[in-house]
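Beneath this line is the structure, given in structure tokens, with notes to follow.
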Amino acid sequence: MEKTLNRIHPVSDPEATYFLQISWEKDLGTGFGLILTDGQCAWTGTVSEAEISREAADMEMNREKYVEELKKALIAGEESAGKYNFSISRDEENMECHFSYERNLKDGSFRLGSLKLQAVSSPAEVVKELIGYCLDCLGRLQAKNEHLQKENERLFSDWSDVEKRLEKCVEAKEELEVDLYNRFILVLNEKKAKIRNLQKLLNEAKESV
Amino acid sequence: MEKTLNRIHPVSDPEATYFLQISWEKDLGTGFGLILTDGQCAWTGTVSEAEISREAADMEMNREKYVEELKKALIAGEESAGKYNFSISRDEENMECHFSYERNLKDGSFRLGSLKLQAVSSPAEVVKELIGYCLDCLGRLQAKNEHLQKENERLFSDWSDVEKRLEKCVEAKEELEVDLYNRFILVLNEKKAKIRNLQKLLNEAKESV
Amino acid sequence: CPDTKEHFAREYDCYGDSYMTDTDVAQLKDVFSRMKDHK
């Protein structure tokens, strides 16, 4: 079960803050659940796969594209701030809430979907679940953070180790070159001294001949 | 203002779930605020610096050590699971709630602190703030995660680059050594050939003498 | 001309290193750098 939780400010009451939790199995296009709360009351509802198909068909929109729009509107949260509008009209009497979501366009907007949510008899439980869900996410993210931090430190240390070994290798290569040339020079000059000497002896021998 | 939010199950009602938010400036020891909610009702209270000093003195415990205990009990959350107990007794009539926290020991427990919390007139606002706080934390942590993830990838790529450069350097060093020796051998053998030749000529010259 | 050739052949090996004059690192490096690829 995938879940997200986002803060929304309905155009019907911009000052108000609601929290919208969407939950789905594998892919949003196969249907999703909604939970909406204002911290005091809570409403739930579902949108089925068939309803998604019908909405897309009503709009004469490619179904995949429609599902992408739903993702941006209902799941993306801050990333889609301002691009999608939500409307909430509460029906206290029937314990319902009419919820609609639409795409904002420059010159107007078009409705992406709407549904009637049912009020939850014990909103406190929903609130606790939402806060609990947040804490669980925070816990997981914190753990992942720490893991990544450790991973970073390890990678940094590995990098600096290899960097040092590279420096050493470069130095060693330079030292090797200097060392070999010095040794070559000694051996070669020995041979040259020998040649000079032999040349001198040969010249002397020739003179005596 | 530092804040934490943790889930607690009071020993007075283990089945119940409460959320405890602690907030403090710079150091917990200079005093802290508490917010407690069960998702429906909410209570707030503060513990001042003087009260912390008094509690520590009452227990004849070093103040710093006492503050460390408070941190573990009230802030650490999951990390101190089971080591600290919380008791909550609600006084609906007076719109109050008596909250106490104690350290669990093998053979008993000792009280760390207690205070009377005042019920909040609009708990929904508190709930919204807590969920909002969670979402903000999640947002920050998510962003940090992504940053660390990118950092990870960059460090990994740097590491593999420098690893390749090291391999190249090692190869280059080996090739340099082989190459220099090969050249040296050629030049040296020329000298030896010259010495052999001069030796032969010298011998011949000596014979003719 | 042949004389010059013979003179140089007597003084230097086929890599340009002198038979008799002592060498140093710079000269040897120079000789090595002029040696064709000998692999």
Side-chain angles (χ1 to χ4, degrees), chain A residues 5-7 17-19 37-41 77-78 122-135 137-139 141-142 144-145 148-149 151-152 155-156 158-159 162-163 165-166 169-170 172-173 176-177 180-181 183-184 187-188 191-192 194-195 198-199 201-202 205-206 208-209, chain B residues 5-7 17-19 37-41 77-78 122-135 137-139 141-142 144-145 148-149 151-152 155-156 158-159 162-163 165-166 169-170 172-173 176-177 180-181 183-184 187-188 191-192 194-195 198-199 201-202 205-206 208-209:
Chain A
L5 179 63
N6 284 301
R7 187 177 4 214
T17 298
Y18 286 76
F19 297 94
T37 180
D38 65 353
Q40 188 169 16
C41 305
E78 300 290 329
S122 53
E125 288 312 308
V126 169
V127 164
K128 279 194 274 192
E129 270 169 39
L130 291 182
I131 298 179
Y133 161 80
C134 285
L135 290 181
C137 287
L138 280 168
L141 259 181
Q142 189 61 43
K144 187 132 185 289
N145 241 339
L148 282 171
Q149 195 65 45
E151 190 68 9
N152 260 5
L155 280 169
F156 183 76
D158 285 353
W159 174 81
V162 179
E163 186 75 12
R165 283 165 55 206
L166 175 61
C169 180
V170 168
K173 183 166 170 284
L176 171 72
E177 187 172 4
L180 283 182
Y181 270 109
R183 291 167 189 275
F184 291 166
V187 173
L188 267 182
K191 297 293 175 287
K192 293 182 182 215
K194 179 133 179 98
I195 291 170
L198 282 172
Q199 190 66 56
L201 289 174
L202 183 57
K206 275 181 182 172
S208 58
V209 167
Chain B
L5 179 64
N6 285 302
R7 188 178 0 215
T17 299
Y18 286 76
F19 297 94
T37 181
D38 66 352
Q40 190 167 14
C41 307
E78 302 288 328
S122 52
E125 290 312 308
V126 168
V127 165
K128 279 194 274 192
E129 271 170 36
L130 290 183
I131 298 179
Y133 161 79
C134 285
L135 290 182
C137 286
L138 278 170
L141 258 182
Q142 189 60 44
K144 188 135 186 282
N145 246 332
L148 282 173
Q149 194 63 48
E151 189 68 10
N152 243 344
L155 280 169
F156 183 77
D158 286 354
W159 173 80
V162 78
E163 186 78 12
R165 282 164 56 211
L166 175 61
C169 180
V170 167
K173 181 168 171 283
L176 173 72
E177 188 169 11
L180 288 183
Y181 267 111
R183 291 172 195 264
F184 173 60
V187 171
L188 183 63
K191 305 301 161 305
K192 291 186 176 184
K194 181 76 175 178
I195 288 170
L198 284 173
Q199 195 67 58
L201 291 173
L202 183 57
K206 277 180 183 170
S208 59
V209 165

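Quick caveat, the model's predicted, so the values are computed rather than measured. We use all heavy atoms of the structure for the numbers below, so side chains are in, but hydrogens, waters and symmetry mates are not.
Residue with the most contacts toward chain A among B:Val127, B:Asn152, B:Thr17: B:Asn152 (heavy-atom pairs, distance under 4.5 Å). Ranked by non-hydrogen atom pairs under 4.5 Å with chain A, the options B:Ser208, B:Cys134, B:Gly139 are led by B:Cys134. Counting heavy-atom pairs closer than 4.5 Å to chain A, the top residue among B:Thr37, B:Leu166, B:Asp38 is B:Leu166. With chain B as the partner, the residue from A:Glu163, A:Lys128, A:Lys191, A:Glu177 showing the most heavy-atom pairs under 4.5 Å is A:Lys128.
In this structure, the separation between CG on B:Leu198 and CG on A:Leu201 is 10.0 Å, given to the nearest 0.5 Å. Here B:Gln40 contributes atom CD and A:Gln40 contributes atom CD; the two are 9.0 Å apart, rounded to the nearest 0.5 Å. Rounding to the nearest 0.5 Å places CD of A:Glu151 at 12.5 Å from CD of B:Glu151. Expressed to the nearest 0.5 Å, how far CG of B:Leu130 lies from CG of A:Leu130 amounts to 12.0 Å. Separating the OH atom in B:Tyr133 from the CG atom in A:Leu138 is a distance of 7.5 Å, to the nearest 0.5 Å. Here A:Arg165 contributes atom CZ and B:Arg165 contributes atom CZ; the two are 13.0 Å apart, rounded to the nearest 0.5 Å.
For a residue to count as touching a neighbouring chain, one of its non-hydrogen atoms must lie under 4.5 Å from one of that chain's; by this rule B:Glu129 does not touch chain A. For B:Glu125, no part lies under 4.5 angstrom from a heavy atom of chain A. Within the 4.5 angstrom heavy-atom criterion, atoms from both the backbone and the side chain of B:Tyr181 approach chain A. Both the backbone and the side chain of A:Gln199 come within contact range of chain B, each with at least one heavy atom under 4.5 Å from a heavy atom of that chain. Only the side chain of B:Phe19 comes within contact range of chain A, with heavy atoms under 4.5 Å apart. Residue A:Leu180 touches chain B through its side chain alone, counting heavy-atom pairs closer than 4.5 Å. Contact annotation for B:Ile195: both backbone and side-chain heavy atoms come within less than 4.5 Å of a heavy atom of chain A.
Nearest heavy-atom pair across A:Gly132 and B:Arg7 is CA-NH1, 3.3 Å. Between B:Leu155 and A:Leu155, the shortest heavy-atom distance links the atoms CB-CB, 3.9 Å. Annotation for B:Cys169 and A:Lys173: closest pair O-CD, 4.4 Å, computed over non-hydrogen atoms.
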Working for side-chain contact (heavy atoms from CB on, under 4.5 Å), residues A:Phe184 and B:Leu188: CA-CA 9 Å; A:Phe184 291 166; B:Leu188 183 63; over 6 Å; no

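Within the 4.5 Å cutoff, the side chain of A:Asn6 has no heavy atoms near those of the B:Leu135 side chain. Between A:Lys194 and B:Lys192, the closest side-chain pair of non-hydrogen atoms is not below 4.5 Å. A 4.5 Å side-chain heavy-atom check between A:Gln149 and B:Lys144 finds at least one atom pair inside the cut-off.
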